[in-house]
Amino acid sequence: MNRPLTKIILIIFIVILLPLIGFTVYQLSSISENEEVLQEIYSNQLESILFSVNQHSDDVVSSWAGTVERHLLSSGQTSEKLRQFTNDFPPIEGVFLLSYVDRSTPVFQTLSPSIDEKTISARITEVLRENSGAVSKLEGYFKSGFRKIESLEIKDDNNLIILLFAVRGDGKENSLAGLVVNKRSFISEVISRRIGRAAGDKFTLAVLSDARDSIVYSNFPVKAAEIDRKKELWVLKGYSLGISLKGETLSEAISERGKRNLYILLLINLLFISGIILVLINIRRQIRLAQIKSDFVSNVSHELRTPLALITMFAETLETGRVKGEDKVKEYYQIISAEANRLSKIVNSILNFSQMESGKRRYSFRETSLNELVEKVAETYTFHLKNKGFQFHMNLSPGLPAVSADPDAVSEATINLIDNAMKYSNEVKEIVVSTGVVGKMVFISVKDKGVGIAAGEIRQIFDKFYRVTSGLTHNTKGTGLGLTIVKHIIDAHKGKIEVKSTPGEGSEFILFLPQR
Ligand code: ADP
């Protein structure tokens, strides 16, 4: 690889690739970090939603306890007021009082007619006995100014639950009061409303039965296994509140987000790297062109210097008048004329090329016979070819159809090919020029038995200034413009060029032109 390109690659690596690699590594590590932060934020959000539902249920029950105490303390029809109170709040099935001293006999102030008083009393007594420790603490809390509400499950009863709390009794003494609460109704009347408000349409909130690990209520259909986070329900023993992100689980949502970020990152990297590759290819092409141009300048200088030196030398010798004999003088003039021709050929090809490059070259098409054209070229070249020791054959196909072409331009292309065949022939000096028809195309072929061209080079030899820099070609001077001009001419005729070549054996260049 050449030095300027290595330098550019190094600069690109330091200025673009290194920061890109750093950025990618940083982003990759922060994707998982972000995931953790998001997970934490979500967890906190879930916790606070669960807390708000729990808090609300607790507030409702506390307000019920306050109302019960107020009715107990007020004068007059206490039972009547409490019955009215239970009617207003459907989840409450009954209210009872208990003395601290005799906890075994709940005295019902009101009870729903659907519940048998004796059975429920017996069950309450049993529950109180089983939870005597917790019950005892209620008075202690109350004395220190805080009313704790104890939720007590009734064995063998799926429907009812007891909420027990301390109150100031009518004798101005503390006593215990209890609410018999219908769990289903509590969930559907109290908890569900709060859930609706707290969850919005982004979360699924559910009440789960701990014993059965099943959903009792949820704002959207959900399975117990899909619940992300659970918290026990303070006011309903044996039940929990559960929450999950609607539609997908939390971790799915986060990992989906992480994946998306990763893909975007990969895409950015891919775009960057493709951009860099494109830039490098372009730079490489420009560097090569610059190198080729500088080779061109040195080649052309050399090409011009040799004939100029010869012309100067022979002209000066003639000037001195010391050349002896007519023949010698004639020979010197011939050399001067040949070298002047060579000079004008080089200058012409450079001028032609520059005209083509600026789009100024114009072609004048007319009906042309390729056989005649080749014969004319051969006429002017045969002497030169024979002089250089070449065997020259013509193989012209009779009855060749005419083509619409610029004869000067096609002659120039053919001469360039014959010139190359001469330049790139080594020991076997044999050139065959043929014409013929293939399909709708008429062709001129120039075949030599010279050095040939490697398969990998064939595509490039038509590029401007391109010269093969190995083997014999290396020592043969040229401008690298001959074939570029040929291609331009043939393209302008809507024709095509075919090259068949085997290194060491020879080459054949075929110019195809469309029939008229
Ligand atoms: P130039 O002959 O001035 O170098 P051209 O554009 O005519 O430029 O040719 C480009 C390259 O193609 C040459 O340098 C040579 O390597 C290769 N080439 C062209 N014609 C032949 C041929 N007949 N045999 C072998 N190589 C050839």
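Counting convention: from 1, in listed order, for ligands and their atoms alike.
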Within the 4.0 Å heavy-atom shell around [X], which atoms of ligand 1 are there?
| X | value |
| --- | --- |
| Val468 | 14 (O), 16 (O) |
| Ile453 | 25 (C), 26 (N), 27 (C) |
| Lys423 | 1 (P), 2 (O), 3 (O) |
| Thr479 | 3 (O) |

Are Pro401 and Val437 close enough that some pair of their side-chain heavy atoms sits under 4.5 Å apart?
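A side-chain contact exists here, since the closest heavy-atom pair is under 4.5 Å.
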
Does Ser507 reach ligand 1, in the sense of a heavy atom lying below 4.0 Å from it?
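It does, in that a heavy atom of Ser507 comes within the 4.0 Å cut-off of ligand 1.
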
Just to check, does Phe509 reach to within less than 4.0 Å of ligand 1 when the distance is taken from its heavy atoms?
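Checking ligand 1 against Phe509, which is what was asked, there is a heavy-atom contact under 4.0 Å.
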
What I want to know is whether Val451 and ligand 1 share at least one N or O pair that is separated by under 3.5 angstrom.
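Val451 vs ligand 1: no N/O contact under 3.5 Å.
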
Report yes if some N/O of Tyr466 lies less than 3.5 Å from some N/O of ligand 1; otherwise report no.
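For ligand 1, there is no N or O atom that lies under 3.5 Å from one belonging to Tyr466.
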
Answer yes when [X] and [Y] have at least one side-chain N-carboxylate O distance shorter than 4.0 Å, and no when they do not.
| X | Y | answer |
| --- | --- | --- |
| Asp406 | Arg362 | no |
| Glu153 | Lys237 | no |
| Glu326 | Lys330 | no |

Answer yes if the side chains of Glu232 and Ser240 hold a donor-acceptor pair under 3.5 Å, and no otherwise.
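Their side chains do not contain a donor-acceptor pair, so the 3.5 Å distance test is not met.
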
Taking atom types as modelled and ignoring hydrogens, do the side chains of Asp448 and Ser425 form a donor-acceptor contact shorter than 3.5 angstrom?
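No, Ser425 and Asp448 have no side-chain donor paired with an acceptor closer than 3.5 Å.
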
Between His493 and Phe365, is the gap from one ring center to the other below 6.0 Å?
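Yes: the rings meet the under 6.0 Å criterion.
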
For ligand 1, is any non-hydrogen atom under 4.0 Å from Asp419's backbone (N, CA, C, O), its side chain (CB onward), both, or neither?
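Neither part.
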
